[in-house]
Amino acid sequence: VQDQLPDQAGAADCEENPVEEIPASPQVVDAAAEEIRPATSPQTGAEAPGKSEIPTSASTLPAVEESRAPSKKDGHPPMPGYNDECGFDYTQMQLARAYILCQRYGSTYSPREALERGTLFPDLYSPYPY
Amino acid sequence: MKREAINMSNYNLSLLKQIMELEFTAIELNLFLDTHPDNAAALNDINKVNEKLITLMAEYQKKHGPLFAFLAQNQQDRWKWIDEPWPWEITY
């Protein structure tokens, strides 16, 4: 994956055809089509069946959200230092969102040193080990 | 109404400092356990810290006065909390 990051050809592909970069999912296509149809088609917009499509469209929203989440097979790198003590699935992380790692219970400072440093945990004292 | 001047030489400051240190450690373990409620090592540590902290706080309050206004006990003829030094009156 990292080899592809500076690859200009790969970046160009991404800009040229972003739709095809998203993993092909029938749910995504169906949802997009149903959202567009009432607005662009005068038939469905004027008729009663057009309204019945609104709940259908809303019910597919979670599926769309889920399908966009990165997974291991998409080639996203794992979060450094992650562990599954908290049971968090790091493969579901998304771009442009902030995440906090699950802290491990490692060594601790003495109570005196902890009060001086402002943390009990060497893991939370910069420079951070992971 | 009158509050007597604080003579800090009468206070066991090393004991007070030890209490502050253990309080901080207990809070840190408290916060860790909020997100790791089943962590056996952290539970073991906070149990030991709290046991020692309660002992030292009882010792301090018996010798001096209440460490907290809230939950202060045995306040018969005078509100003793007000006789205790404010943080800025303590020179560590």
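Here is how names work: the chains are called A, B, and so on, in the same order as the sequence lines, proteins then strands, and each is numbered from 1.
Taking CD from Gln18(B) and CG from Leu115(A), the interatomic distance works out to 12.0 Å, rounded to the nearest 0.5 Å. Taking CD of Glu113(A) as the reference point, atom CD of Glu21(B) lies at 11.0 Å (rounded to 0.5 Å).
Transitive grouping of hydrophobic side chains (ILVMFWY, heavy atoms separated by less than 4.5 Å) keeps Ile54(B) and Tyr60(B) in distinct clusters. Two different hydrophobic clusters hold Tyr125(A) and Ile27(B) under the rule that ILVMFWY side chains link at heavy-atom gaps under 4.5 Å. Linking ILVMFWY side-chain heavy atoms closer than 4.5 Å, directly or via other members, places Leu15(B) and Ile90(B) in a single hydrophobic cluster. Linking Ile, Leu, Val, Met, Phe, Trp and Tyr residues whenever their side-chain heavy atoms come within less than 4.5 Å leaves Leu33(B) and Leu31(B) in two separate clusters. Residues Leu56(B) and Phe68(B) fall within the same hydrophobic cluster, defined by Ile, Leu, Val, Met, Phe, Trp and Tyr side chains chained together at heavy-atom separations under 4.5 Å.
The shortest heavy-atom contact between Phe32(B) and Arg104(A) is CE1-O, 3.9 Å. Between Thr25(B) and Ala114(A), the shortest heavy-atom contact is OG1-CB, 4.4 Å. Here the closest heavy-atom approach between residue Leu120(A) and residue Phe24(B) is recorded as N-CE2, 4.2 Å. The minimum heavy-atom distance linking His36(B) with Cys102(A) is given by the pair NE2-SG, 3.6 Å.
The shortest side-chain heavy-atom distance between Leu29(B) and Tyr105(A) falls under the 4.5 Å cut-off.
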